[in-house]
Asks: 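Structure provided below as structure tokens; questions to follow.
Residue numbers start at 1 and run along the sequence shown. Just so we're clear, the structure is a prediction, and the values are computed from it rather than from any experiment. Both ligands and their constituent atoms are indexed starting at 1 by order of listing. Just the heavy atoms: all of them, side chains too, but no hydrogens, waters or symmetry mates, feed the values below.
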Amino acid sequence: MTNVDADVVIVGSGPGGATFAEVVTAAGWTCIVLDKGRNHLIDALPPHAPKQHFANDELRFMERHFLGPDPLLEPRSYRRSADTDGDRLFAGDVNNLPSTVGGGGVHADGKLPRFREDDFHLRSLLGAVDGAEVDDWPITYADLEPYYAEVERAIGVAGEADPARGGNPFASWRSGPYPMPPGADMFGATLSTAAAERRGLHPYRAPTGANSVPYDGRPACNNCGFCGFYGCPIHAKGDPIAMLSRALHTGRCDLRPECVVTEVLIDGTGRRATGVRYLDTSQATGAHDAPIVEVHARFVVLAAGAFETPRLLLRSNPAGGLANSSGLIGRHLTFHFQTLTVGAFPHSMLGHRGRAVTHLHDDHIVGDDHQAAAARAAGLPWLRGGIVEHGAAAGPVLEAKTLPPGPLHNEAMRRSDLRDKLWVFTMQGEDLPQHGNQVDLDPRLRDVWGLAAGRVTYQPHRHEIAASAYVAPILEHVLRDAGAEWAFTTTSPPVGDLTELDLLNPLGVAPASKHWMGTCRMGSDAATSVVGPEQRFHDVENLLCADSSVFVTSAGYGPTLTLAALSARAAHLLTDTPRERHY
Ligand SMILES: Cc1cc2nc3c(=O)[nH]c(=O)nc-3n(C[C@H](O)[C@H](O)[C@H](O)COP(=O)(O)OP(=O)(O)OC[C@H]3O[C@@H](n4cnc5c(N)ncnc54)[C@H](O)[C@@H]3O)c2cc1C
Ligand code: SF4
């Protein structure tokens, strides 16, 4: 190919795209990184200073879409199934991740556990489940382990490997220690972990992408408490500013914010990508006058996230989608099925200090005889839950919106029964892949740029519901033992028929885990998967995917460290560079 603008063009600057950019630029390649969001993270021009746009500002981050996308401008639609809901149940904010330079990494609170060895071969290990498409990954934990180690150092993950010192006794083997010790424990977690241990569970210090000590030129976290959903004002979170910063400092990375990629360009053979077309919205004065720009590259890498990547491919070829000979683009969408158990304490839990979550436990992933019996009782071959996050409730603005106005409002805010005195367990339950759960294009809805909106069709498998029903009483017991006066459980998405309340607030009907996976499944067989083990699309040899779209199963762990490790692996394989780099 002649006249290329760069070796690689990467769509999306979140953890997946940023990791890819870092590895290819370190290998001496040039790249252009396009992101449709604004840049509040790092100066794209030398000397690439971190921006100072973030503050502990609940209104800006939680209410005003500071990191976008505004659901009125970029709506998504949602339905549980075509049978129950027709074309859509509602349109708006469906499990949105930020659209900004840095993607969801910017305001994730960054618990970054690895998957375990079992997670890569569930089908062989545990067997099939009716109605689900559980499969083995085409790679193993051992294939990914060096890249896990590499991205833990690249991001800067604080954690403890030794179970005798608060590490996870169920974690798979690792080739080295974490680059940093864990940060301070949250007060509430000291109570909930002690009670969990009394119940025979094994809580551990959460591996977290926030500096516990100065690292990589960035300061230690000061436990400001506005972590999940907020950009870090001091850039103690490394994901993905650390990777973008290193890529930019090579001088070989051209970061372009506010560029909405509309299409992947393909040559006449249909088997080679030549680049992408985008709208440069930074130059637009309205919705319809953004200049259209094309960039050409030797390789095109999609890292737009597991919602936007399939949406882009499907609109790149309206006649069935680009690189879609399997018909599987957008299918096998998984989230995590969240079990939220809330305990109300008679005293402050000091949840406003700390990194949102400092402890996890894995027991409901690993299971035991009781969990196996619960599976049999539910008519299922096995049950797997997910990590349980020991954390606090939301901020004061949300609490104020929840409490009724009037003379008692101030007194209720001072008591803060609905925030300061709550402690919450969130289980990120493994969500089994199903053929019918998918992202496709809404037949009528358009975004502000005139592009077909993405539509989510999703309902949980009965496995997730049974796992949640089994674990919830255990979590409620632990919270009561920790001192809660009462505890209750809810789930996301809610289970059962919609209530009138649900219909008043349909947003609550859609899953809210912020974890998206599985819409361009990885596999060795082009008939049953979309990308191969090296994350190249089966149908288009120089098109790659570097986000969690490639996941075969969701596991019960946050996806981000695994998607970053996969991205690093794919970039090293592409550039044929050694996998161990040092920082
Ligand atoms: C509050 C919160 C807490 C979280 N906590 C955790 C956690 O503790 N652990 C964990 O593992 N995960 C967590 N997550 C999830 C985590 O943020 C995501 O898994 C991660 O960001 C996904 O990375 P990605 O690079 O695949 O995609 P994204 O981060 O979604 O980045 C994709 C980027 O692509 C851009 N883009 C999309 N389409 C286009 C287009 N057409 N043209 C140009 N650009 C485009 C977007 O603007 C975006 O910036 C959390 C998320 C949130 C919101
Ligand atoms: S808790 Fe720490 S890592 Fe999180 S936003 Fe505050 S200072 Fe940054």
Asks: Is Asp93 salt-bridged to Arg76, cutoff N-O under 4.0 Å?
Replies: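 No.
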Asks: Any donor and acceptor pair, going by atom type alone, linking the side chain of Lys237 with main-chain N or O of Ala108 inside 3.5 Å?
Replies: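 Judged by distance alone, yes, a pair lies under 3.5 Å.
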Asks: Show which atoms of ligand 2 fall inside a sub-4.0 Å distance from at least one heavy-atom site of Gly354.
Replies: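 Atoms satisfying the 4.0 Å criterion: 1 (S).
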Asks: Distances under 3.5 Å, N/O of ligand 1 against N/O of the protein: list each pair and its distance.
Replies:
unit_1: ligand 1; atom_1: 5 (N); unit_2: Asp109; atom_2: OD1; d: 3.4
unit_1: ligand 1; atom_1: 8 (O); unit_2: Lys111; atom_2: N; d: 2.9
unit_1: ligand 1; atom_1: 8 (O); unit_2: Lys111; atom_2: NZ; d: 3.1
unit_1: ligand 1; atom_1: 9 (N); unit_2: Lys111; atom_2: O; d: 2.9
unit_1: ligand 1; atom_1: 11 (O); unit_2: Pro559; atom_2: N; d: 3.3
unit_1: ligand 1; atom_1: 11 (O); unit_2: Thr560; atom_2: N; d: 3.0
unit_1: ligand 1; atom_1: 11 (O); unit_2: Thr560; atom_2: OG1; d: 2.9
unit_1: ligand 1; atom_1: 12 (N); unit_2: Thr560; atom_2: OG1; d: 2.8
unit_1: ligand 1; atom_1: 17 (O); unit_2: Gly104; atom_2: O; d: 3.3
unit_1: ligand 1; atom_1: 19 (O); unit_2: Thr560; atom_2: OG1; d: 2.9
unit_1: ligand 1; atom_1: 21 (O); unit_2: Gly105; atom_2: N; d: 3.4
unit_1: ligand 1; atom_1: 25 (O); unit_2: Pro15; atom_2: N; d: 3.2
unit_1: ligand 1; atom_1: 25 (O); unit_2: Gly16; atom_2: N; d: 2.9
unit_1: ligand 1; atom_1: 29 (O); unit_2: Gly104; atom_2: N; d: 2.7
unit_1: ligand 1; atom_1: 41 (N); unit_2: Val261; atom_2: O; d: 3.1
unit_1: ligand 1; atom_1: 42 (N); unit_2: Val261; atom_2: N; d: 2.9
unit_1: ligand 1; atom_1: 44 (N); unit_2: Lys36; atom_2: N; d: 3.0
unit_1: ligand 1; atom_1: 47 (O); unit_2: Asp35; atom_2: OD1; d: 2.7
unit_1: ligand 1; atom_1: 47 (O); unit_2: Ser99; atom_2: OG; d: 2.8
unit_1: ligand 1; atom_1: 49 (O); unit_2: Asp35; atom_2: OD1; d: 3.2
unit_1: ligand 1; atom_1: 49 (O); unit_2: Asp35; atom_2: OD2; d: 2.7
unit_1: ligand 1; atom_1: 49 (O); unit_2: Thr100; atom_2: O; d: 3.0

Asks: In the shown structure, where waters are left out, how many protein N, O or S atoms lie under 2.8 Å from atom 2 (Fe) of ligand 2?
Replies: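 For atom 2 (Fe) of ligand 2, protein nitrogen, oxygen or sulfur atoms under 2.8 Å: 1.
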Asks: When you look for heavy atoms under 4.0 Å from ligand 2, do you find them on the side chain of Phe226, its backbone, both, or neither?
Replies: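 The answer is the backbone.
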Asks: Would you call Arg455-Asp440 a salt bridge at under 4.0 Å N-O?
Replies: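 So Arg455 pairs with Asp440 through a salt bridge.
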Asks: Do the charged groups of Arg569 and Glu150 touch, with an N to O distance under 4.0 Å?
Replies: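 Salt bridge flag = no for Glu150 with Arg569.
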Asks: For Arg38, I'd like to know if atom CZ has over 12 heavy atoms of other residues, nucleotides or ligands within 6.0 Å.
Replies: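 Check fails, neighbour count at 12 or below.
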Asks: Restricting to non-hydrogen atoms, name the atom on Leu360 and the atom on Lys111 that form the minimum distance, rounded to 0.1 Å.
Replies: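 Result for this residue pair: CD2-CG, 4.3 Å.
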Asks: Provide the closest heavy-atom pair for Ala564 versus Thr19 in the form atom of the first, atom of the second, distance.
Replies: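 The pair with the smallest heavy-atom distance is O-CG2, 3.4 Å.
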Asks: For a ring-ring contact (aromatic ring centres under 6.0 Å, His included) check, start with the C-alpha distance between Phe66 and His40, then their side-chain angles and the critical distance, and finish with the verdict.
Replies: CA-CA 9 Å; Phe66 178 62; His40 296 294; 4.2 Å; yes
Asks: Would you name the heavy atoms of Asp280 and Ala290 that are closest together and state the gap between them?
Replies: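 Nearest heavy atoms, Asp280 then Ala290: O-CB, 3.9 Å.
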